[in-house]
Participant: 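Can you keep this structure in mind? I'll have questions shortly.
Proteins get letters first, then strands, A, B, ... in listed order; numbering begins at 1 in each.
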There are 2 protein chains.
Amino acid sequence: MKATGFSIGELSKQCGVNLETIRYYEKIGVMPAPSRSAGGYRIYDADHLKRLSFVRRSRQLGFSLDEIRGLLRLVDGHAYTCAEVRALTLDHLAEIRRKIADLNRLKRVMAEMAAQCSGERAPECAIIDALFDAPPLSGETRRRP
Amino acid sequence: MKATGFSIGELSKQCGVNLETIRYYEKIGVMPAPSRSAGGYRIYDADHLKRLSFVRRSRQLGFSLDEIRGLLRLVDGHAYTCAEVRALTLDHLAEIRRKIADLNRLKRVMAEMAAQCSGERAPECAIIDALFDAPPLSGETRRRP
DNA sequence: GCTAAGGCCTGTAGCGGCTACAGGGTCAAG
DNA sequence: CTTGACCCTGTAGCCGCTACAGGCCTTAGC
């Protein structure tokens, strides 16, 4: 079995994660430091690829790096239970729902504003007026970002 | 008429915008530099309040500071037409719709993952497996953020 | 007039999650 | 042995703030 390791460039391509991002993940402790060649090049193996895929996938699903660290701690400790992972997932799902609700409110307001606007070449504009005169939104647009 | 100006603290309270944020807006040119007292304190008037409300409202609607600068340039130049403002608004609306669509995709995936999970105290977890094994999402999660 | 408490000032550094350099060293093919 | 593609570290920048530190100003009460 010729399971020789591969370079950061190959890992980057395989996984679709920017090379500098991989180094960044290493620096902040999300990816483990790989072994090195005599000249100091990083050498990765299949486990690194698996882990980086996990991180990339989780990022795409909107988990923060901190949440990902939480997931990885569970995985690394081999001590996770479905319930723990499920809890993190449901928290995140709730957050996504909140964001969707917020954006739907925005969409409604924006669409109303745009509908007010004649689109003609006029110096008065309902949108500008709305932006100037409207009171604060009732619901918070972003809570604790 | 005793239309004396007011301090940054009062402006902050009136408008619901953090004091340091107001100074930041001044630094980056979104708010104009106000006049100053003998001792160097900022003195604001009703126009500043109006403009800051505009900025706050636009931020709440999700416009970036750069987009707001665009809107303000139109307003300041007295040269805006409804059509221009409407175009910016519709652009922004399209972006909001895209974000909502993205989040709905995420929601679906997350909900599926959570549904797979038994919630029992077990060392195998469908969510973890899904995070490890799943291919890249088809649609980009965030495009040019 | 004097003091103390509260406001305000500038400037800098930090957050998250990268990205983009600069200025080098290493590796493999020819 | 040379070339060129890759890789290394370290630092600075992006957005939209927020949070200090270490001062100066203002005002109310005595």
Side-chain angles (χ1 to χ4, degrees), chain A residues 4-31 33-44 48 52 54-72 92 95 99 140-145, chain B residues 4-31 33-44 48 52 54-72 92 95 99 140-145:
Chain A
T4 345
F6 42 89
S7 72
I8 193 169
E10 281 165 292
L11 181 61
S12 171
K13 251 172 244 148
Q14 289 258 342
C15 214
V17 173
N18 196 320
L19 194 142
E20 277 124 315
T21 303
I22 298 173
R23 287 199 282 250
Y24 171 71
Y25 285 166
E26 183 183 330
K27 195 166 63 182
I28 64 167
V30 161
M31 287 292 290
S35 52
R36 301 278 186 141
S37 75
Y41 280 27
R42 287 172 179 82
I43 301 169
Y44 293 98
H48 289 102
L52 184 56
F54 181 98
V55 174
R56 185 215 48 191
R57 173 76 171 161
S58 303
R59 285 293 300 136
Q60 282 179 329
L61 291 176
F63 285 99
S64 71
L65 285 175
D66 218 53
E67 289 170 317
I68 293 172
R69 257 190 288 261
L71 286 169
L72 286 172
H92 188 57
E95 181 120 357
K99 280 185 191 158
E140 289 277 317
T141 311
R142 35 182 76 191
R143 35 204 111 194
R144 276 170 296 163
Chain B
T4 346
F6 41 90
S7 72
I8 193 169
E10 283 165 293
L11 181 61
S12 170
K13 254 172 243 146
Q14 289 258 342
C15 214
V17 173
N18 195 319
L19 194 143
E20 277 124 313
T21 303
I22 298 173
R23 287 198 282 250
Y24 172 71
Y25 284 166
E26 182 183 331
K27 195 165 64 179
I28 64 167
V30 161
M31 287 293 289
S35 52
R36 300 278 186 141
S37 76
Y41 279 28
R42 287 172 180 80
I43 301 169
Y44 294 98
H48 289 102
L52 184 56
F54 181 97
V55 175
R56 185 215 48 191
R57 173 79 171 159
S58 304
R59 286 293 300 136
Q60 282 179 329
L61 291 176
F63 285 99
S64 72
L65 286 174
D66 217 53
E67 289 170 318
I68 293 172
R69 256 190 290 258
L71 286 169
L72 286 172
H92 189 56
E95 181 120 356
K99 281 184 191 159
E140 288 280 315
T141 310
R142 32 182 77 190
R143 34 203 111 193
R144 276 169 296 162

Participant: Expressed as a whole number of angstroms, how long is the span from B/Q60:CD to D/dC17:C1'?
Facilitator: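 To the nearest whole Å, that distance equals 15 Å.
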Participant: Okay, side chain of A/R59, backbone of A/F63: is any donor-acceptor separation there less than 3.5 Å?
Facilitator: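 Checking the backbone N and O of A/F63 against the side chain of A/R59, a donor-acceptor pair under 3.5 Å is found.
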Participant: Minimum heavy-atom separation for A/Y25 to A/V17, with atom names?
Facilitator: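 Shortest heavy-atom separation between A/Y25 and A/V17 comes out as CE1-CG1, 4.5 Å.
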Participant: Can a side chain N or O of A/Y25 be found less than 4.0 Å away from OP1 or OP2 on C/dG17?
Facilitator: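 So the side-chain polar atoms of A/Y25 never come under 4.0 Å of the phosphate oxygens OP1 or OP2 of C/dG17.
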Participant: Quick check on DNA chain D: between A/K13 and B/N18, whose nearest nucleotide comes earlier from the 5' end?
Facilitator: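 Of the two residues, A/K13 wins.
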Participant: Return no unless some side-chain N or O of B/R36 is found under 4.0 Å from OP1 or OP2 of D/dC25.
Facilitator: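 No, because none of the side-chain N or O atoms of B/R36 sits under 4.0 Å from OP1 or OP2 of D/dC25.
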Participant: Expressed in angstrom and rounded to an integer, what is the separation of B/M31 atom CE from D/dG16 atom P?
Facilitator: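 Between P of D/dG16 and CE of B/M31: 17 Å.
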Participant: To the nearest angstrom, how far is B/L65 atom CG from D/dC14 atom C1'?
Facilitator: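 Spelled out: CG on B/L65 to C1' on D/dC14 is 13 Å.
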Participant: Can you measure A/L11 atom CG to D/dC6 atom C1' for me and round it to whole angstrom units?
Facilitator: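 After rounding, the reported distance stands at 15 Å.
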Participant: How long is the line joining CG of A/D66 and C1' of C/dC18, in whole Å?
Facilitator: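 The distance from CG of A/D66 to C1' of C/dC18 comes to 16 Å, rounded to the nearest Å.
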Participant: Do you know which two heavy atoms are closest between A/P34 and A/E26, and how far apart they sit?
Facilitator: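 Nearest pair, atom of A/P34 first, then A/E26: CD-OE1, 3.5 Å.
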Participant: Name the closest nucleotide to the B/R23 side chain, picking from D/dG16, C/dT10, D/dC7.
Facilitator: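 When the side chain of B/R23 is considered, C/dT10 is the closest of D/dG16, C/dT10, D/dC7.
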Participant: Roughly, in whole Å, what's the span from NZ in B/K27 to P in C/dT10?
Facilitator: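 Taking atom P of C/dT10 as the reference, NZ of B/K27 is at 10 Å.
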Participant: Less than 4.5 Å apart, any side-chain heavy atom of B/R23 and any of B/M31?
Facilitator: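 Of all side-chain heavy-atom pairs linking B/M31 with B/R23, none is under 4.5 Å.
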Participant: Have a look at B/R42 and say if it touches a base, only the backbone sugar-phosphate, or nothing, with a 4.0 Å heavy-atom cut-off.
Facilitator: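 Sugar-phosphate only.
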Participant: Calculate the interatomic distance between B/I43 atom CD1 and D/dT26 atom C1'; express it in whole Å.
Facilitator: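 Nearest whole value for this atom pair: 12 Å.
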Participant: Quick one: which protein N/O atoms are closer than 3.5 Å to N/O atoms of nucleotides 27-30 of chain C? Pair and distance per line, please.
Facilitator:
from: C/dC27; atom 1: OP1; to: A/S37; atom 2: OG; distance (Å): 3.2
from: C/dC27; atom 1: OP1; to: A/G39; atom 2: N; distance (Å): 3.1

Participant: Give the nucleotide from the list C/dC18, D/dT11, C/dT10 with an atom nearest to the side chain of A/Y24.
Facilitator: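 Within the option list, the nearest is C/dC18.
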Participant: Within the 4.0 Å heavy-atom criterion, would you say B/L19 contacts the bases, only the backbone, or no part of the nucleic acid?
Facilitator: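 Here B/L19 touches the backbone only, sparing every base.
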Participant: Taking only side-chain N and O atoms of B/T21, does any of them lie within less than 4.0 angstrom of OP1 or OP2 on D/dC17?
Facilitator: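 Looking at the OP1 and OP2 atoms of D/dC17, neither is under 4.0 Å from any side-chain N or O of B/T21.
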Participant: When you look at B/Y24 and B/L19, which way does the side-chain contact (heavy atoms from CB on, under 4.5 Å) test go after all the steps?
Facilitator: CA-CA 9 Å; B/Y24 172 71; B/L19 194 143; over 6 Å; no
Participant: So, B/R57 side chain and B/L61 main chain: donor-acceptor pair closer than 3.5 Å or not?
Facilitator: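 Not a single qualifying donor-acceptor pair exists.
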Participant: Between C/dC9, D/dG16, C/dA20, which nucleotide gets closest to the side-chain atoms of A/E20?
Facilitator: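 Looking only at heavy atoms from C-beta outward on A/E20, the closest nucleotide is C/dA20.
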Participant: The side chain of B/I8 lies closest to which of these nucleotides: D/dT18, D/dG16, C/dC8?
Facilitator: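 In terms of side-chain proximity for B/I8, the closest of D/dT18, D/dG16, C/dC8 is C/dC8.
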Participant: Any donor and acceptor pair, going by atom type alone, linking the side chain of B/R69 with main-chain N or O of B/V30 inside 3.5 Å?
Facilitator: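 Side chain of B/R69 to backbone of B/V30: no pair is present.
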Participant: Rounding to an integer number of Å, can you tell me how far A/R56 CZ sits from C/dC18 P?
Facilitator: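 For the pair A/R56 CZ and C/dC18 P, the rounded distance is 13 Å.
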Participant: If only atom types and distance count, is the side chain of A/S58 paired as donor or acceptor with the main-chain N or O of A/F54 below 3.5 Å?
Facilitator: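 Pair found, side chain donor or acceptor close to backbone of A/F54.
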